[in-house]
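Numbers restart at 1 for each chain; the letters A, B, ... are given by sequence-line order, proteins then strands.
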Amino acid sequence: MSELPVVFRVQRELREALDRAIDRARATLGSPQGFTGATVEVPRQSAHGDFASNVALELGSRLRRPPRQVAQVLADHFDPAGTWVRELEVAGPGFVNFRLHPSWLYEAIEQILRQDADYGRSELGAGLKVLVEFVSANPTGPLVLVAARAAAVGDTLASCLEWSGHRVEREYYVNDAGRQVELLAQSLEARMRERLGEPAVIPEGGYPGQYLVDLAQEALDALGPGILQDPGRLAVLRDWTVARLVQAHREELAAYGVRFDTWFHEAAFRAGGAVEEVLEILQARGLLYERDGARWFASTRFGDDKDRVLVKSDGEYTYVLPDAAYHLNKLRRGHQKLINLWGPDHHGYIPRLKALLEALGYGPDTLEVLTVQWVRLLRGGDPVRLSKRGGVTILMRDLLEEAGTDAARFFFLMRSHDSPMDFDLDLAKLRTAQNPVYYVQYAHARIASILREAARRPQGPGTADLARLTDPSELGLARRLADFPEEVALAATAREVHRLTRYATDLATLFHKFYDTCRVLGEDGGLTRARLALVDATRIALRNALRLLGVSAPERM
RNA sequence: GCGCCUAUAGCUCAGCGGAUCAGAGCGCCGGCCUCCGGAGCCGGGUGCGCAGGUUCGAGUCCUGCUAGGCGCACCA
């Protein structure tokens, strides 16, 4: 159980004090209908106070009174006792702005130093069980560029959810059943025969990529050429290749800092009869019908555009059916919320899967699908063109070799997952100033350097008196440090992980400004100790933010 | 034809349930180191695709249009 972050405590106190003011002003204002309580937010501009509430604007419309008047009445009835409020003003159309005594920031700094590696955690999620499924690339070839984006977003989202009090499982779905892996096996067999000098052709819709040429030799070494005479060879080759490719995916992702709790294999799952069970449930609920020799699901009853085939006329299942069974399985494992990260090419498929889950008895918000948009790689300012047909596509490992994990993750996480993005390879590769990831890491290295220097110098006796921190650059930095738990929570609940790179950049900027304005190691022992505490707190927040992003926080660069 | 995403500074992008910001990084120009890391700091900007609408107030919400990407299978 982590302690309540100061920033949340302050906001709660303000909310409660505002609610009391509303209560006291009831004689003047009357009772608002359907009002659920005051909200307090962090203003974007510091000129608008440390915190602000739009409560008077909300009340104004409910009470049919000018918001500014409501705000003034609330201000008159506001009792700052028990809060940090030092000053309160009515501003703009009726905002109530609060300026707090800086001691709340000193308390925040103390909390940061106390919590250290846990600073930023909160319990807002109340232990909700969430499954985040991401990447889930088909085991038919190496991971491609967009997998790196999905991996970064999914992993950091999962981390943010964990840090804000959710119980999270990271899952990778291995599509090792169906036609595509049969084609994979046939393609491999062709390459093996080719290796042995036999005539061979890659089947229509198969996999012509170079990687199978390499794997063919491996397969021959591992399984022996005799396998090609075996009547059951395709199943053997399929299992062998899939295992080999999945292993490669696992290792590549691990090197990228992404570890999954579960690798969920479709083939094994389907063998367990779960798919048939879904059909039975739907049948029992009268949601299936026969037409043209196929079995249809009445998905339009659940908001889909049209009804969908679940069992084709040849008896095979369409993809959505086992997928629905899989998602049912996720829910039966106790997860209360399912988050999937998919590419934009799958979005048309979302309504029918949601329809199936609803038909199985789950609410429409149980499954949330986030779209990770495509990545275009820029080199020398021009897009790197890829042609999948010719087997030339940009691989995740190509990017990581060239840009490195830190730059790749940071760059992907700078953008909203929902926006198509250009990845500027030249900028990401720069080991210098202009690269945003180095800007942030540099701040961390600089802090480490100061702390090293401080450790070398003799320290006089005494404790840090944080009240010595009064410079705007000091307070501005401390203020942003205090925001961290809220930033993490917002990144998690709004599914906007790119907030975190922005936050880290903000911290770096504020730190550099502070560094430029204030000398840390000076003659004044008390001031030096106070500033060292601030510097150390910055180190902690920056390091924790980078940790959530999966980017290293170097001590030296 | 229908649906989803996108359109904000020269470039790449933020702008979280209207009001209390048009912003960041890169690029460009000009300043700042006897001192804890100058990989830094400071200064320089008449930009929200177009047209309507709602409102006291609209990058933000609604409608239409334009442009780019993606989808709309008895493929996965």
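Residue pairs that meet the side-chain hydrogen bond (donor to acceptor under 3.5 Å, both in side chains) test with at least one member in residues 344-357 of chain A, sequence neighbours left out, are A:Asp323-A:Tyr349.
Under the 4.0 Å criterion applied to side-chain N and carboxylate O atoms, A:Asp483 and A:Arg480 are assigned as salt-bridge partners. With respect to the salt-bridge test (charged N to carboxylate O, under 4.0 angstrom), the residues A:Arg456 and A:Glu453 qualify. A salt bridge does not link A:Glu487 to A:Arg502: none of the charged nitrogens lies less than 4.0 Å from a carboxylate oxygen. With salt bridges taken as basic N to acidic carboxylate O contacts below 4.0 Å, one links A:Glu368 and A:Arg495.
The residue A:Asp345 sits close only to the backbone: its heavy atoms come under 4.0 Å of sugar-phosphate atoms, none of a base. Here A:His512 lies in heavy-atom contact (under 4.0 Å) with sugar-phosphate atoms only. Nucleic acid contact class of A:Ser416 (heavy atoms, under 4.0 Å, all strands): sugar-phosphate only. Among the protein residues, A:Tyr317 comes within range of the sugar-phosphate backbone only, with heavy atoms under 4.0 Å from sugar or phosphate atoms but none that close to a base. A:Asp305 comes within 4.0 angstrom of nothing in the nucleic acid, heavy atoms only. Note on A:Ala91: a base of the nucleic acid sits closer than 4.0 angstrom, heavy atoms only. Using a 4.0 Å heavy-atom distance criterion, A:Asp292 is classed as a base contact. In this structure, A:Ala443 reaches neither bases nor backbone, as no heavy-atom distance under 4.0 Å exists between it and the strands shown. Within 4.0 Å of A:Glu555, counting heavy atoms only, lies at least one base atom of the nucleic acid. Across all strands, A:Ala494 comes closer than 4.0 Å to no nucleic acid atom at all (heavy-atom distances). A:Phe423 comes within 4.0 angstrom of no nucleic acid atom, judged by non-hydrogen atoms across all strands. Contacts of A:Leu490 with the nucleic acid, taken as non-hydrogen atoms under 4.0 Å apart, are absent. Contact annotation for A:Thr318: backbone-only contact, meaning every heavy-atom pair under 4.0 Å involves sugar-phosphate atoms and none involves a base.
Distances shorter than 4.0 Å separate some side-chain N or O of A:Tyr439 from OP1 or OP2 on B:C41. The shortest distance between the side-chain N/O atoms of A:Lys513 and the OP1/OP2 oxygens of B:C42 is below 4.0 Å. Proximity of A:His498 to the phosphate of B:C16: no side-chain N or O atom is located under 4.0 Å from OP1 or OP2. Close to B:A73, at under 4.0 Å from its OP1 or OP2, lies a side-chain N or O of A:Lys306.
An anti orientation is assigned to B:G71, its glycosidic angle lying beyond 90° of 0. A syn base is found at B:C33: its glycosidic angle is within 90° of 0.
Geometric assessment of A:Arg301 against the ring of A:Tyr289 yields a negative cation-pi assignment under the 6.0 Å and 45° thresholds.
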### Task
Give the intermediate values and the outcome of side-chain hydrogen bond (donor to acceptor under 3.5 Å, both in side chains) for residues A:Ser416 and A:Asp418.
CA-CA 5 Å; A:Ser416 162; A:Asp418 211 13; 5.5 Å; no

### Message
I'd like to know whether A:Arg99 forms a salt bridge (charged side-chain N to carboxylate O under 4.0 Å, His left out) with A:Glu89, so could you lay out the CA-CA distance, the side-chain angles of the two residues, the decisive distance to 0.1 Å, and finally the verdict.
### Response
CA-CA 8 Å; A:Arg99 269 173 247 292; A:Glu89 67 174 6; 2.9 Å; yes

### Message
Using the rule given for side-chain hydrogen bond (donor to acceptor under 3.5 Å, both in side chains), can you reason through A:Thr300 versus A:Asp307, listing the C-alpha separation, both sets of side-chain angles and the distance that settles it, and then say yes or no?
### Response
CA-CA 6 Å; A:Thr300 44; A:Asp307 289 350; 2.7 Å; yes

### Query
Between A:His512 and A:Tyr439, is a ring-ring contact (aromatic ring centres under 6.0 Å, His included) present by the stated rule, with each step listed?
CA-CA 10 Å; A:His512 288 314; A:Tyr439 177 81; 5.1 Å; yes

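Rounded to whole Å, the C1' atom of B:G47 lies 42 Å from the corresponding atom of B:C35. Taking atom P in both B:C16 and B:C72, one finds a spacing of 31 Å when rounded to whole Å. Going from the P atom of B:U55 to that of B:A7 covers 27 Å, rounded to whole Å. B:C41 and B:C5 have their C1' atoms separated by 39 Å, with the value rounded to a whole Å. Nucleotides B:U46 and B:G10, compared at atom C1', are 16 Å apart to the nearest Å. Remark: the separation of the P atoms in B:G27 and B:A22 is 27 Å, to the nearest Å.
Other residues, nucleotides and ligands place no more than 12 heavy atoms under 6.0 Å from the CD atom of A:Glu204.
Distances from the side chain of A:Trp296 to the nucleotides B:A24, B:C74, B:G37 place B:C74 closest.
Stretches of at least 3 consecutive Watson-Crick or G-U wobble pairs, with each checked distance under 3.5 Å, appear in RNA chain B as B:1-7 with B:66-72, B:10-13 with B:23-26, B:28-32 with B:40-44, B:49-53 with B:61-65.
Remark: the A:His346 side chain and the B:G71 base include no donor-acceptor N/O pair separated by less than 3.5 Å. Checked by distance alone, A:Ser313 brings a side-chain donor or acceptor within 3.5 Å of a matching partner on the base of B:C74.
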Please write out the pairs of protein N or O atoms and N or O atoms of nucleotides 27-30 of chain B separated by less than 3.5 Å, giving the distance to one decimal.
{"residue": "B:G27", "atom": "OP1", "partner": "A:Gln434", "partner atom": "NE2", "Å": "2.8"}

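Ring geometry for A:Tyr326 against A:Tyr173 counts as parallel: the plane angle stays under 30°, on a 0 to 90° scale with 60° as the upper cut.
Of the two residues near RNA chain B, A:Gly293 and A:Arg519, the one whose nearest nucleotide lies more 5' is A:Arg519. Comparing A:Thr509 and A:Gln373 by the nucleotide of RNA chain B that holds the closest heavy atom to each, the one mapping nearer the 5' end is A:Gln373.
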